[in-house]
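Below: the structure, in structure tokens.
Please read all numbers here as calculations on a predicted model, not as lab measurements.
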Amino acid sequence: MAVKTEELVLNMGPQHPSTHGVLRLLVELDGELVTDVKPIIGYLHRCFEKHCEHLTYPQIIPYTDRMDYLASMYNNFGYVTAVEKLAGIQVPERVEYIRVIMGELQRIASHLIALGTYGLDIGAFTPFLFLFRDREKILDLFEMTCGARLLYNYMWVGGVSHDIPSDFVPAVKKFIKEFRPTIVELNDLLTYNKIFVERTANIGILPAETAINYGITGPNLRASGVKWDLRKNDTYSIYNKFDFEIPVGEGKVGTVGDSWDRYYVRVLEVEQSLRIIEQAIDNIPDGDVFEAVPKRIKMPKGNVYHRVENPKGELGYFIMSDGKNNPTRVKVRPPSFVNLAVLGELSRGHLVADLIAILGSLDIVLGEIDR
Amino acid sequence: MKTSEEIYNILKEKFGEEVILNFNTAEPIDAIIEVNPSKINEVSKFLRDSEELKFDTLMLLSGVDDANGTKVKDENEIETIQGGTLSVYYHCHSMEIGHKVTLRVSTPRENPQVQSVERIWRAADWHEREAFDMFGIKFLNHHDLRRILMPDDWGERYPLRKDYVDPEYYNGIKIPY
């Protein structure tokens, strides 16, 4: 008698430590092999876009904080620059510098969580603690400036909510000096760790062509070898003033576009962000940060799609205005939402344990997927 | 690198006025090319494959309620919109060449149907599901068109339509708690 086998459907999540939030994965298994993955999302859905239709433009800013809550500064950044583009507001140079510094600090903080929790997914606990210790220092810098540690509501249309305090610049310099050795330490502890490399190299290979067709952006796209960064390729704010490189995946320990590359690109990006901050911190011009903040935003009739390079990828805001105080439609393009869609394609044919390694390497935040 | 107007002219020459309906520059910042909803898949395929255009990514696909119908009040003073259109906006971008274009299709509110572009840009898959979820726009030939953010049993209610009213009960549970 022949042995009869059938596929097993495994339900992973919504409450599961390695799904990074309330994400449910319907996994179809053939023995230990994954044959299909269907992500089921929406558990955090609060309809941000409907809220926006009933709020004025500045009132929306705190809501953007709550999308990618690990990179709130950058969500603010994207939103306010989109509104400024549509309303035609020019911001003072000092504000641009402060925004870039805050944005890059936020990128480091977000990447530190990505790297730390990725180690955690694989089973390495120590790097997570080291990286969280340094992330705390960045949060201290934010707290020093605007009082908040997670949800800042810092960037305003035309300005920022608080000017930087006088001891901010030395504090940032001190942080950079103290933080640099952590990257070396991280490489020793985790990046080139034999077990870690075995678990992540050649796992979940994403070819460049597939990545582009799926609309993947950010470190996940760069890991596939595509030199694409909106800060350089579709520059905004004052990023064209700074000298930095776009790290891409090279398949150092495996194939280009594998999970290890996605991890390592983030390590390299942290260094590039430090470089940008170093260049900016000494050249902050004087000025009034509230100079261009309008008392009432006079929005023309029209529509704009504006995008910025969020730590997780291309964050876009599509804003439609009919000239009234509140927008008729705000649609967000959250990078994690688009990046997660490729999960099924990536994990087909891998083992269940590798599915965790692949999901972790995509670095998703459910707050912005569900909005 | 081409401007929206040049792209409009190329498309118009290729597909004719039946398909490429209008070029809207009246709205500032992003000019919009209006396309026939039953031909959007062919236009998209051309945009992607044409040597001189090469639109390899779809940045964003968004549904919009134009709310241009007539407002009707029923006996309970609940306002609904009848007639008019729903729209879908496509923001395309070419990584290789670096130009962008915005397309729009409009479809009647009572029976909104648009051809799917999911097979041309896989990025459209979840965006189309979201537009279906939030506006009830049906994307023809989509391989897996079901709700994505709202619960599957939310019924024929589409939250981002302008005349959406919160239901009082969901599965026997009172909603304004």
Where does B/R146 contact chain A at under 4.5 Å (heavy atoms): side chain, backbone, both or neither?
side chain
Tell me whether B/D65 is salt-bridged to B/R109, with the criterion being a basic N under 4.0 Å from an acidic carboxylate O.
yes
Quick one: what part of B/H127 sits under 4.5 Å from any heavy atom of chain A, side chain, backbone, both or neither?
both
Would you call B/D56 and B/R48 a salt bridge, taking side-chain N to carboxylate O under 4.0 Å as the test?
no
Please determine, among A/G88, A/S321, A/A341, the option with the most heavy-atom pairs under 4.5 Å with chain B.
A/A341
With a 6.0 Å cut-off (strictly less than), is the heavy-atom count around CD of A/E250, excluding the residue itself, greater than 12?
no
Close aromatic pair by centroid cut-off 6.0 Å: B/W154 and A/H45:
no
Could you tell me which portion of A/T328 (side chain, backbone, both or neither) has an atom closer than 4.5 angstrom to a non-hydrogen atom of chain B?
both
Is the centre of the A/H306 ring less than 6.0 Å from the centre of the A/Y79 ring?
no
Heavy-atom cut-off 4.5 Å, strictly under: side chain, backbone, both or neither for A/K38 against chain B?
side chain
With only heavy atoms counted, which part of A/E209 is less than 4.5 Å from chain B, the side chain, the backbone, both or neither?
neither
Relative to chain B, which segment of A/V332 carries a heavy atom at a distance below 4.5 Å: side chain, backbone, both, or neither?
backbone
Taking side chain as everything from C-beta outward and backbone as N, CA, C, O, which of these in A/E49 sits under 4.5 Å from a heavy atom of chain B? Side chain, backbone, both or neither.
both
Can you tell me which portion of A/Y43 sits under 4.5 Å from chain B's heavy atoms? Options are side chain, backbone, both or neither.
neither
Do A/Y305 and B/L60 have side chains that get closer than 4.5 Å, going by heavy atoms?
yes
Best-contacting candidate, A/E345, A/R307, A/E314, against chain B by heavy atom pairs under 4.5 angstrom
A/R307
Against chain B, label A/L221 side chain, backbone, both or neither, depending on which of its atoms sit under 4.5 Å from a heavy atom there.
side chain
Which atoms of A/D234 approach chain B - backbone, side chain, both or neither, heavy atom under 4.5 Å
side chain
A/L44, part contacting chain B, at a heavy-atom distance under 4.5 Å
neither
Specify which of A/L340, A/D322, A/I216 makes the most heavy-atom pairs with chain B at under 4.5 Å.
A/L340
Is it true that the side chains of A/N75 and A/D65 contain a donor and an acceptor less than 3.5 Å apart?
no
Would A/R371 pass as a cation-pi partner of A/F337, given that its NZ or CZ must be under 6.0 Å from the six-membered ring centre and within 45 degrees of the axis?
yes
Tell me, for B/K100 versus chain A, whether the close heavy atoms (under 4.5 Å) come from the side chain, the backbone, both or neither.
side chain
Can you see whether A/F244 has A/K232 sitting over its ring - NZ or CZ less than 6.0 Å from the centre and within 45° of the normal?
yes
Would you kindly say whether B/Q113 and B/T107 are connected by a side-chain donor-acceptor distance under 3.5 Å?
no
